Colleague: 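The following block contains the structure, expressed as structure tokens.
None of these values were measured; they are calculated from a predicted model. All values below were derived from every heavy atom in this structure, side-chain atoms included, with hydrogens, water molecules and symmetry-related copies excluded. Nothing fancy with the numbering, it's 1 onward along the sequence.
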Amino acid sequence: MALALKQTRAFGRTATRGQVACNAAARPLWMPGATVPAHLKGELAGDFGFDPLNLGKDPQALRWYQQAELVHGRTAMTAVAGILIPGLLTKAGVLNVPEWYEAGKVSAEQTGIALGPLLAVQLFMCGFVEGKRWMDFLKPGSQSEAGSFLGFEASFKGTDNGYPGGPFDPMGMCNESEAKTKDLKLKEIKNGRLAMLACLGFAAQYGATGKGPLDNLADHLAAPLKTTFVDNGISIPIHL
């Protein structure tokens, strides 16, 4: 009897492990063996079953969070490129531009355009684009309907909410196959999440050291054991 129970328990453990392995192979998760919320079905790009606060439990809220993450990720990727590429070119002697945290001040001093009017123009332009995006969220495909944008509506037809296509996909990379489109969406959201963390890191670095990311990297490479977040006196407010 004891042997039978032992064999049954062993079989149960084997079946459970096999099921976990099967599920992990079928769908990658943010942590192996993690419990996936019921509302995350693996249908969205970058869905690894992570929503500890159940923020996306409401289907409409989940749709909005998906679109918000897309826009923030794309903005962050653009920002990271706008910080690193000019910085590299400046250090190579090709350009002569200020660090990202001084760019606004230097631009105002050199162009004579006050910050107020510049912000007003930017807010108007961004507000117009965000308004169009909001209307497309409420009614997907509505911004490609005739009369919605001065005859350019066909350019914004796209394939899905948040993926306008047309001039935003000049190489037609999302027209090749459904599998490739799915792969590109996953790569985009992964890079977008990484870029959002990078932007947060850039801001934290400047707050701690008063320098940009390239200078911080150069300082660390010059003295890797003495120049870390432990040594700047701010990230960890105690001396170890």
Colleague: Under the criterion side-chain contact (heavy atoms from CB on, under 4.5 Å), I'd like the reasoning laid out for Asn54 against His39: C-alpha separation, chi angles, the key distance, then a yes or no.
Modeller: CA-CA 9 Å; Asn54 282 322; His39 58 274; 3.2 Å; yes
Colleague: For Lys139, what residues pass the side chain to side chain contact (heavy atoms under 4.5 Å, CB included) criterion, not counting sequence neighbours?
Modeller: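 Residues passing side chain to side chain contact (heavy atoms under 4.5 Å, CB included) with Lys139: Ser142, Glu145.
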Colleague: With sequence neighbours excluded, tell me which residues meet side chain to side chain donor-acceptor pair (under 3.5 Å) with Glu130.
Modeller: Arg133
Colleague: Cluster question for you: counting only ILVMFWY and a side-chain heavy-atom cut-off of under 4.5 Å, with indirect links fine, are Leu186 and Leu70 together?
Modeller: yes
Colleague: Calculate, to the nearest 0.5 Å, the distance between atoms OG1 and CG belonging to Thr227 and Asp219 respectively.
Modeller: 6.0 Å
Colleague: Taking Ser107 for its side chain and Ala103 for its backbone only, find out whether a donor-acceptor pair lies under 3.5 Å.
Modeller: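 No, because the side chain of Ser107 does not come within donor-acceptor range (under 3.5 Å) of the backbone of Ala103.
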Colleague: Could you check whether atom CE of Met31 has more than 12 heavy atoms from other residues, nucleotides or ligands sitting under 6.0 Å from it?
Modeller: yes
Colleague: How close do Lys211 and Asn216 get, heavy atom to heavy atom, and via which atoms?
Modeller: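 Shortest heavy-atom contact: O-OD1, 3.6 Å.
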Colleague: Between Ile189 and Gly46, what is the shortest heavy-atom contact and its length?
Modeller: CG2-CA, 3.7 Å
Colleague: Ring pair (Phe, Tyr, Trp, His ring centres under 6.0 Å): which pairs involve residues 121-147, sequence neighbours left out?
Modeller: Trp64-Trp134, Trp64-Phe137, Phe128-Phe149, Trp134-Phe137
Colleague: Counting only heavy atoms not in Phe48, do more than 12 fall under 6.0 Å of its CZ?
Modeller: yes
Colleague: Between Asp160 and Tyr163 (side chain of the first, backbone of the second, donor and acceptor by atom type, cut-off under 3.5 Å), is there such a pair?
Modeller: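 No, Asp160 side chain to Tyr163 backbone: no donor-acceptor pair under 3.5 Å.
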Colleague: I need the minimum non-hydrogen distance between Cys199 and Ala76, along with the two atoms involved.
Modeller: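 Where Cys199 meets Ala76 most closely, the heavy atoms are SG-O, 3.8 Å.
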Colleague: What pair of heavy atoms forms the shortest contact from Leu44 to Gln66, and how long is it?
Modeller: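 What the structure gives for the nearest pair is CD2-NE2, 3.7 Å.
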Colleague: Each residue besides Leu214 in its hydrophobic cluster should be listed here, by chain and number; the cluster joins Ile, Leu, Val, Met, Phe, Trp and Tyr at side-chain heavy-atom distances under 4.5 Å.
Modeller: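 Leu214 clusters with Val80, Ile83, Leu84, Leu88, Trp100, Tyr101, Phe202, Tyr206.
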Colleague: Tell me whether Asp231 is salt-bridged to Lys226, with the criterion being a basic N under 4.0 Å from an acidic carboxylate O.
Modeller: no
Colleague: List for me each residue that meets ring pair (Phe, Tyr, Trp, His ring centres under 6.0 Å) alongside Phe50, sequence neighbours excluded, and say none if there are none.
Modeller: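 Phe50: ring pair (Phe, Tyr, Trp, His ring centres under 6.0 Å) contacts with Trp30.
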Colleague: Could you give the distance from CG (Asp47) to CG (Leu62), rounded to the nearest 0.5 Å?
Modeller: 8.0 Å
Colleague: How many angstroms lie between CG in Leu89 and CG in Asn96, if you round to the nearest 0.5 Å?
Modeller: 11.5 Å
Colleague: Can Thr181 and Met173 be said to form a side-chain contact (heavy atoms from CB on, under 4.5 Å), step by step?
Modeller: CA-CA 7 Å; Thr181 299; Met173 299 178 71; over 6 Å; no
Colleague: State the OG-NZ distance between Ser177 and Lys182, to the nearest 0.5 angstrom.
Modeller: 11.5 Å
Colleague: Would Asn161 and Arg63 count as a side-chain contact (heavy atoms from CB on, under 4.5 Å) here? Give the steps.
Modeller: CA-CA 9 Å; Asn161 198 203; Arg63 278 189 65 227; 3.2 Å; yes
Colleague: List for me each residue that meets salt bridge (charged side-chain N to carboxylate O under 4.0 Å, His left out) alongside Asp183, sequence neighbours excluded, and say none if there are none.
Modeller: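 Residues passing salt bridge (charged side-chain N to carboxylate O under 4.0 Å, His left out) with Asp183: Lys187.
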Colleague: Salt bridge or not between Lys57 and Asp51? Use side-chain N to carboxylate O under 4.0 Å.
Modeller: no
Colleague: Rounded to the nearest 0.5 Å, what separation is found between the NE2 atom of His72 and the CD atom of Gln67?
Modeller: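 Nearest 0.5 Å value for the NE2-CD distance: 12.5 Å.
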Colleague: For Leu115 and Leu119, run side-chain contact (heavy atoms from CB on, under 4.5 Å): C-alpha distance rounded to whole Å, both residues' side-chain angles, the deciding distance at 0.1 Å, then the answer.
Modeller: CA-CA 6 Å; Leu115 182 61; Leu119 284 178; 3.9 Å; yes
Colleague: Checking Asp215 now: which residues fulfil salt bridge (charged side-chain N to carboxylate O under 4.0 Å, His left out) with it, not counting sequence neighbours?
Modeller: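 Salt bridge (charged side-chain N to carboxylate O under 4.0 Å, His left out) list for Asp215, sorted by chain: Lys91.
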Colleague: Apply the hydrophobic cluster definition, ILVMFWY joined by side-chain contacts under 4.5 Å directly or through others, and give me every member besides Met196.
Modeller: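 Listed partners: none, Met196 stands alone.
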Colleague: Taking all atoms of both residues into account, what is the closest heavy-atom pair of Ala195 and Gly73, and its distance?
Modeller: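 That would be CB-O, 4.5 Å.
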Colleague: Applying side chain to side chain contact (heavy atoms under 4.5 Å, CB included), name anything that partners Leu118, two or more places apart in sequence or on another chain.
Modeller: Ile113, Gln122
Colleague: Test of understanding: with side chain to side chain donor-acceptor pair (under 3.5 Å), list the residues that count as partners of Glu188, not counting sequence neighbours.
Modeller: Arg74
Colleague: Quick one: side chain to side chain contact (heavy atoms under 4.5 Å, CB included) partners of Lys105, sequence neighbours excluded?
Modeller: Glu109
Colleague: Test of understanding: clusters of I, L, V, M, F, W, Y form through side-chain heavy atoms closer than 4.5 Å, transitively. Do Leu29 and Leu40 belong to the same one?
Modeller: yes
Colleague: Under the side chain to side chain contact (heavy atoms under 4.5 Å, CB included) rule, collect the residues that match up with His220, sequence neighbours excluded.
Modeller: Pro224, Thr228
